[in-house]
Amino acid sequence: MPSPQQVRMPGLPEQVTIYEVGARDGLQNEQTTLPVEIKAEFIGRLAEAGLRVIEATSFVHPKWVPQLADADELLDALTFVDGVRYPVLVPNERGLERALAKDVREIAVFGSATETFARRNLNRTVAESIAMFAPVVARARAEGLAVRGYLSMCFGDPWEGEVPIAQVVAVGSELLGLGCTELSLGDTIGVGTPGHVTALLAAFADAGVGPDRLAGHFHDTYGQALANALAALQAGITTLDASAGGLGGCPYAKSATGNLATEDLVWMLHGLGVRTGVDLDKLVETSVWMAAQLGRPSSSNVVRALSS
Ligand code: HMG
Ligand code: MG
């Protein structure tokens, strides 16, 4: 299959960690709920394609996200590959109990920069959700787990509109203060633009939070995700979230469509001479297979170009 010509751009990292969210952020938003064996096969194929961080599922209330109600069964069905991390989402102590019972080694809590989305996604105010996460993060860290903190609505909120940068830095700093090892900045509805990314990362740096503790989580609703990813790389970020085939969205965020497609990100990174460890051809085959499972074409430009 074709591949991009490599031309380095000054100031970019040699290597990037792709944090693959297709099995979680992707599948949580699909109309079709896939059988657990298909999900396990998907995750197995992603590992075979060279992804080294694969978010597997969420231990949330099954009524809130029915597509991931089989989280316990999925962990039983997975074949774990050495050197691959399989984080899961956990909102509260009940979720942590369920994850620990399955020997999970890495979790993510997920907060919101805005009150409206905190209420809709977690049934809590921002302060109440931080209070809900505190014992989860403390116990997980005490058990030796890595804990990512997600922060949603960092670049705009469908109900509240513009979100002040200072508000994002304040809530993000609270999540890190709980003991989160990494903070992923979510453009949940894909409205952000590169200058906004640069400004937000500069504001975090001013608050003492460098890019080594941050990740970028861009949705592609307005076609800005790749540009935003490049702005994040230029600011020193080396972890980027992406979803195979561009699956995804968020069931509780109006107008949150697909995540940045992993294939589109890999094409850009390989063109820039940045190592990812991903075999693009194998990943495209996986997304074509997944599209057939879901009965609809992939939204990734690279998947469409390479599979036509
Ligand atoms: P709640 O209704 O306030 O829960 O929901 P509660 O604490 O009052 O408990 C009610 C009942 O739920 C109890 O059962 C609990 O045991 C049970 P009862 O005693 O009544 O029989 N329960 C649970 N059962 C299973 N697993 C659990 C669990 N917790 C409570 N973990 C809650 C609060 C947080 C649970 C709910 O709001 C929830 O599950 N929300 C999840 C929403 C979600 O998953 N959204 C998508 C992920 S976020 C996202 O996609 C954004 C991201 O991609 C970044 C970006 O793009 O911005 C990360
Ligand atoms: Mg998301």
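Just so you know, ligand 1 is whichever comes first in the structure, and atom 1 is the first atom listed for that ligand. Just so you know, these numbers come straight off a predicted model, no measurement behind them.
Heavy atoms from other residues, nucleotides or ligands lying under 6.0 Å from CD of Gln5 number 12 at most. Within a 6.0 Å sphere centred on CD of Gln15, other residues, nucleotides and ligands contribute more than 12 heavy atoms.
Listed by number with element, the atoms of ligand 1 under 4.0 angstrom from any heavy atom of His217 are 53 (O), 54 (C), 55 (C), 56 (O). If you number the atoms of ligand 1 from 1 as listed, the ones under 4.0 Å from a heavy atom of Gly95 come out as 31 (N). Proximity to Phe59 (heavy-atom distance under 4.0 Å) selects the following atoms of ligand 1: 27 (C), 31 (N). Within ligand 1, counting atoms from 1 as listed, the ones closer than 4.0 Å to a heavy atom of His219 are 56 (O). Close contacts of ligand 1 with Ser152, meaning ligand atoms under 4.0 Å from a residue heavy atom, involve 51 (C), 54 (C), 55 (C), 57 (O). Atoms of ligand 1 found under 4.0 Å from any heavy atom of Asn123, numbered from 1 in the order shown, are 1 (P), 2 (O), 3 (O). Remark: ligand 1 atoms within the under-4.0 Å shell around heavy atoms of Val65 are 43 (C), 44 (O). Within ligand 1, the atoms closer than 4.0 Å to a non-hydrogen atom of Asp25 are 50 (O), 53 (O), numbered from 1 in the order shown.
With atom 7 (O) of ligand 1 as the reference point, the heavy atom nearest to it among Met132, Arg124, Glu93 is part of Arg124. When the heavy atoms of Asn121, Leu122, Val21, Leu185 are ranked by distance to atom 40 (N) of ligand 1, first place goes to Asn121.
Side chain of Arg52 to main chain of Ala47: a donor-acceptor pair is present (N/O by atom type, distance under 3.5 Å, no hydrogens or angles). When atom types are taken as modelled, the side chain of Gln224 and the backbone of Tyr222 share a donor-acceptor pair closer than 3.5 angstrom. Remark: side-chain polar atoms of Asp220 are not paired, donor with acceptor, to backbone N or O of Gly246 under 3.5 angstrom. A distance-only check finds no donor-acceptor pair linking the side chain of His219 to the backbone of Thr221 [under 3.5 Å].
Checked by distance only, ligand 1 and His61 come closer than 3.5 Å through their nitrogen or oxygen atoms.
Counting heavy atoms closer than 4.0 Å to ligand 1, residue Arg120 contributes nothing at all. Residue-level proximity to ligand 1 for Thr188 is carried by backbone and side chain together, each with a heavy atom below 4.0 angstrom. Here Val60 has heavy atoms under 4.0 Å from ligand 1 in both its backbone and its side chain. Contacts between Pro91 and ligand 1, counted as non-hydrogen atom pairs separated by less than 4.0 Å, involve the side chain only.
Geometrically, Arg24 engages Tyr150 in a cation-pi contact defined by less than 6.0 Å to the ring centre and at most 45° from the axis.
Paired with Leu240 under the rule side-chain contact (heavy atoms from CB on, under 4.5 Å), one option of Leu233, Thr17, Ile18 passes, and it is Leu233.
Checked against the Mg ion (ligand 2), the N, O or S atom of Asp25 at the shortest distance is OD2.
Residue pairs satisfying the salt bridge (charged side-chain N to carboxylate O under 4.0 Å, His left out) criterion with at least one member in residues 167-185, sequence neighbours excluded, are listed as follows: Arg148-Glu182. Residue pairs meeting the side chain to side chain donor-acceptor pair (under 3.5 Å) criterion with at least one member in residues 190-205, sequence neighbours excluded, do not occur.
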Output, in order, the C-alpha distance, side-chain angles, deciding distance and verdict of salt bridge (Lys or Arg N to Asp or Glu O under 4.0 Å) for Arg296 and Glu30. CA-CA 11 Å; Arg296 58 165 189 75; Glu30 290 295 332; 2.5 Å; yes
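The closest approach between a heavy atom of Lys63 and any atom of ligand 1 is not below 4.0 Å.
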